[in-house]
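Structure record follows, encoded as structure tokens.
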Amino acid sequence: MSEDTARSVEIERTSVGQYVVRNARGGSMSMGTGEDGSFTPVELLLAAIGGCTAVDVDHITSRRAEPTRFAVEVTGDKIRDETGGNRMRNLKVEFAVTFPAGADGDKAREALPRSLRQSHDRLCTVSRTVESGTPISIIEAGRSIGD
């Protein structure tokens with residue numbers, strides 16, 4: 001059995017500092033420098049980290065009970081490190097999830113801590129990739145930088 005592991009997005013410039021991001025399924029969103037309402041690349045990184053775990057946790061817990069509140073806040077500090085490069089640190093994903101009273105809500109509340117651990121330790125591709133420090137290749141159409 002062959003599994004398609006490829007994932008991709010395309011980014012197109014619409015004006016100076018403004019872009020549209022498209023996925024293969026036809027979805028799109030604006031991205032920019034933060035001078036307007038569009039998301040910055042760092043905000044999208046934070047959204048991807050929190051969103052990945054949110055999807056995992058939601059799928060696991062909502063089988064037991066529909067949450068009455070499901071909110072996720074992702075924070076971090078953008079710094080210039082000792083090499084002079086920009087990066088994020090102190091990344092934190094905080095879940096505020098409540099479930100209704102009753103046996104089903106109790107089951108969902110019981111599953112919540114385990115689902116958070118499972119997402120972090122095994123399921124969330126985004127946070128696991130960030131934490132492992134996966135190398136990124138930057139290439140100019142048809143050749144690697146440094147060629």
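Linking ILVMFWY residues whenever their side-chain heavy atoms come closer than 4.5 Å, directly or via other members, places Ile11 and Met29 in the same cluster. Following chains of ILVMFWY side-chain contacts shorter than 4.5 Å, one can reach Tyr19 starting from Val9, so the two form part of one hydrophobic cluster.
Between the CD1 atom of Ile60 and the CZ atom of Arg114 there is a distance of 7.0 Å, given to the nearest 0.5 Å.
Distance alone, capped at 3.5 Å, places no donor-acceptor pair between the Asp77 side chain and the Ile79 backbone. Without hydrogens or angle criteria, Arg128 side chain to Asp121 main chain gives a donor-acceptor distance under 3.5 Å. The backbone N or O of Thr129 sits less than 3.5 Å from a side-chain atom of Ser132, completing a donor-acceptor pair. Without hydrogens or angle criteria, Thr61 side chain to Ala108 main chain gives no donor-acceptor distance under 3.5 Å.
Of all the heavy atoms in Arg13 and Ser15, the pair that sits closest is CG-O, 3.5 Å. Residues Lys107 and Arg64 approach most closely at O-CD, 3.6 Å, considering heavy atoms. For the pair Ser28 and Arg22, the tightest heavy-atom approach, listed with the atom from each and the gap, is CB-CG, 3.9 Å. Heavy-atom minimum distance, Ser127 versus Thr53: OG-OG1, 4.4 Å. Of all the heavy atoms in Arg109 and Asp106, the pair that sits closest is NH2-OD1, 2.6 Å.
A 6.0 Å sphere centred on CD of Glu43 holds more than 12 heavy atoms belonging to other residues, nucleotides or ligands. For Glu110, the CD atom counts as loosely surrounded, since its 6.0 Å shell holds 12 or fewer non-hydrogen atoms of other residues, nucleotides or ligands.
The closest side-chain heavy-atom distance from Glu66 to Pro100 is not below 4.5 Å. At a threshold of 4.5 Å between non-hydrogen side-chain atoms, the residues Gln18 and Asp36 count as touching. For the pair Lys78 and Asn86, the minimum side-chain heavy-atom distance is below 4.5 Å.
Other cluster members for Val74: Val42, Leu45, Leu46, Ile49, Val57, Phe70, Val72, Met88, Leu91, Val93, Phe95, Val97, Phe99, Leu112, Leu116, Val126, Val130, joined by side-chain heavy-atom distances under 4.5 Å among Ile, Leu, Val, Met, Phe, Trp and Tyr.
At a cut-off of 3.5 Å, with distance as the only test, no side-chain donor of Ser38 or Ser30 sits close to an acceptor on the other residue.
Here the options are Val21, Val20, Thr40, the test is side-chain contact (heavy atoms from CB on, under 4.5 Å), and the partner is Met31; only Val21 passes.
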